[in-house]
A.B. asks: 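Supplied in structure tokens, the structure appears directly below.
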Protein chains: 2
Amino acid sequence: MHVQFASNATARAVPQGFFACLASETESMGALALPGVVCKKPAGETLFREGETADGVYEVISGMLRICKLLPDGRRQITGFVPAERLIGISLGGTYSYTAETITEVVICCYRRSALDRLMLERPKLTRHLLAAAAQELHVAHEQMLMLGCKDALEKVASFLLLMAGQQGGGIDATEVHLPMDRHDIADYVGLTVETVSRTFTRLKRSKVIALRTANCVEICDWDRLDEMASR
Amino acid sequence: MHVQFASNATARAVPQGFFACLASETESMGALALPGVVCKKPAGETLFREGETADGVYEVISGMLRICKLLPDGRRQITGFVPAERLIGISLGGTYSYTAETITEVVICCYRRSALDRLMLERPKLTRHLLAAAAQELHVAHEQMLMLGCKDALEKVASFLLLMAGQQGGGIDATEVHLPMDRHDIADYVGLTVETVSRTFTRLKRSKVIALRTANCVEICDWDRLDEMASR
DNA sequence: CGTAATCTTGATCTGATTCAAATGTCGTGG
DNA sequence: CCACGACATTTGAATCAGATCAAGATTACG
């Protein structure tokens with residue numbers, strides 16, 4: 001496969017869904033060369049900022065990023081956490097409409113927007129795959145709006161935990177959920193303050209629905225009640 | 001153009017962006033027949049519900065719809081108001097992830113998912129157009145999350161008014177903004193109660209930033225201050 | 001007109017924020 | 001290994017923005 005590795009890249013993980021989609025196309029296998037560049041970034045780095053010209057689409061291979069938007073006075077909304085196998089940066093306008101920052105060390109694969117644009121015209125399936133990804137993102141965004149607008153603190157935190165548990169894969173009953181982000185990130189995601197998030201965690205702890213191994217490792221003890229608490 | 005008109009259809013408006021995209025494709029103009037069905041719906045009707053199998057994509061020709069999601073206990077989040085020239089129902093999963101209801105009488109054009117799916121493989125530009133629409137929706141969704149999670153009542157209502165003013169087209173300085181939805185809809189959109197929305201309107205009125213011709217016709221008197229109040 | 005709905009206003013209550021301090025965790029260097 | 005400091009998390013007490021409950025005022029409509 002025709003992939004350039006950047007500076008400090010690791011070859012251990014191979015891009016999954018997106019790349020697979022490209023590889024499986026029967027037509028013009030010879031000209032497959034989508035110039036995806038795999039590279040590694042340390043935790044706490046900015047991949048791109050809201051407003052910058054959107055010249056790349058990224059696939060997360062391992063690690064986690066946060067997507068956020070800021071108000072002029074510094075208030076921050078985290079609109080999503082992006083785990084492995086997901087794309088970021090689909091925007092198709094001239095500029096990114098959000099900022100992407102690494103939470104952990106990540107390995108990502110970068111595709112240049114210009115190359116993608118060219119390919120999309122030749123590869124209907126690629127475009128459809130991107131459309132599917134966008135539709136999925138949109139679905140998640142709608143769920144989050146429901147949470148932000150309607151739910152109270154307990155419901156928000158419960159929903160957040162279930163979301164994390166879900167995207168941690170591991171299937172049902174993988175009771176150990178690891179939270180790579182800090183309380184401040186969680187707070188900005190659910191639209192509460194750090195203090196309220198912390199209080200809510202202890203509330204869940206006291207009611208024996210969860211247990212905290214460490215501050216960022218949650219054991220879910222009672223899935224059914226957590227589900228109820230999330231109000232769906 | 002090959003369009004069927006349903007029962008009580010009006011021919012006055014011709015589908016814009018989406019249709020135009022199809023028509024402008026050079027290839028296979030003969031087989032252009034995308035079976036779009038134009039029809040009229042009265043106010044207060046449900047176009048489709050969250051969870052139903054998503055078998056259609058709709059283009060709004062005139063009028064306005066609301067997109068909403070419900071919690072089991074009836075709490076409602078309106079995730080968007082859809083004006084003319086916009087698409088609803090891009091989901092690509094098996095089911096709609098939200099409910100669409102008419103606020104005013106609307107004229108819409110319905111495209112069957114199956115037909116669209118077939119066409120997408122032949123028409124890269126169509127798929128790209130859908131992708132662009134999805135990306136735009138995603139951008140708006142992110143803005144709304146920022147609003148729901150970070151802003152206070154005044155900022156929310158100000159943002160809402162600016163959004164409505166903006167999508168009312170009419171260019172800048174079209175100070176008359178018509179609000180086809182009721183206060184309850186607005187409340188569920190910005191994540192407040194009807195009472196708080198009402199109080200906020202009077203607050204804006206007293207500070208001479210807006211004036212209310214009627215309950216659903218707002219005159220924006222001071223754009224700059226409204227802009228500040230929205231915090232961007 | 002009169003009735004029902006929507007919208008506005010007022011008084012009170014409450015969940016979340018704010019401010020402040022204590023506790024816990026981790027890495028560094030003595 | 002332990003002491004120290006920096007930082008994240010938790011807890012507590014006071015305050016406040018928005019919700020709730022309860023009337024009025026206004027508009028729409030048969």
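It should be emphasised that the depicted structure is a prediction, and the values quoted were computed from it without experimental measurement. Letters A, B, ... mirror the listed sequences (proteins, then strands); counts begin at 1.
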A.B. asks: At a heavy-atom distance below 4.0 Å, which nucleotide of DNA chain C is the first touched by chain A, and which is the last?
C.D. replies: C:dA16 to C:dC19
A.B. asks: Are B:Phe81 and B:Tyr189 an aromatic pair by the rule of ring centers under 6.0 Å?
C.D. replies: yes
A.B. asks: Examine the side chains of B:Lys151 and B:Ser159 and answer whether a donor and an acceptor come within less than 3.5 Å of each other.
C.D. replies: yes
A.B. asks: Return the residues of residues 179-193 of chain A meeting this criterion: a heavy atom under 4.0 Å from some atom of DNA chain D. Order them by number, or give none.
C.D. replies: A:Asp182, A:Arg183
A.B. asks: Establish, with yes or no, whether the OP1 or OP2 oxygen of D:dG18 is under 4.0 angstrom from a side-chain nitrogen or oxygen of B:Thr196.
C.D. replies: no
A.B. asks: What residue among A:Thr102, A:Thr99, A:Thr104, A:Ile103 forms side-chain contact (heavy atoms from CB on, under 4.5 Å) with A:Leu65?
C.D. replies: A:Thr102
A.B. asks: Any idea which heavy atoms bring A:Ala141 and B:Met145 closest together, and the distance?
C.D. replies: CB-CE, 3.6 Å
A.B. asks: Tell me whether the rings of B:Tyr98 and B:Phe48 are parallel (<30°), tilted (30 to 60°) or perpendicular (>60°).
C.D. replies: tilted
A.B. asks: Do B:Glu143 and B:Arg232 sit within salt-bridge range, that is, some charged N less than 4.0 Å from a carboxylate O?
C.D. replies: yes
A.B. asks: Quiz question: by atom type and distance under 3.5 Å, do the side chains of B:His142 and A:Ser97 form a donor-acceptor pair?
C.D. replies: no
A.B. asks: Between residues 147-157 of chain A and DNA chain D, which residues have a heavy-atom gap below 4.0 Å?
C.D. replies: none
A.B. asks: Picking from B:Ile88, B:Thr53, B:Ile90, B:Asp55, what satisfies side-chain contact (heavy atoms from CB on, under 4.5 Å) with B:Tyr96?
C.D. replies: B:Asp55
A.B. asks: Between the side-chain atoms of A:Arg206 and the base atoms of D:dT11, is any donor-acceptor pair under 3.5 Å?
C.D. replies: no
A.B. asks: Ignoring hydrogens and geometry, is there a side-chain-to-backbone donor-acceptor pair from B:Glu52 to B:Arg49 under 3.5 Å?
C.D. replies: yes
A.B. asks: Could you work out, with salt bridge (charged side-chain N to carboxylate O under 4.0 Å, His left out) as the rule, every residue matching B:Glu219, not counting sequence neighbours?
C.D. replies: B:Arg213
A.B. asks: Applying side-chain hydrogen bond (donor to acceptor under 3.5 Å, both in side chains) as the test, list every pair that has at least one member in residues 195-208 of chain B; sequence neighbours left out.
C.D. replies: B:Thr193-B:Thr196
A.B. asks: Decide, yes or no, whether a salt bridge links A:Glu155 with B:Arg75 under the criterion of side-chain N to carboxylate O below 4.0 Å.
C.D. replies: yes
A.B. asks: How is A:Thr202 classified with respect to the nucleic acid when contacts are heavy atoms under 4.0 Å: base, sugar-phosphate, or nothing?
C.D. replies: sugar-phosphate
A.B. asks: Starting at CD1 of B:Ile186, measure out to CD1 of B:Ile78 and round the result to the nearest 0.5 Å.
C.D. replies: 9.0 Å
A.B. asks: Under 3.5 Å, which N/O atoms of the protein pair with N/O atoms of nucleotides 22-30 of chain D?
C.D. replies:
none

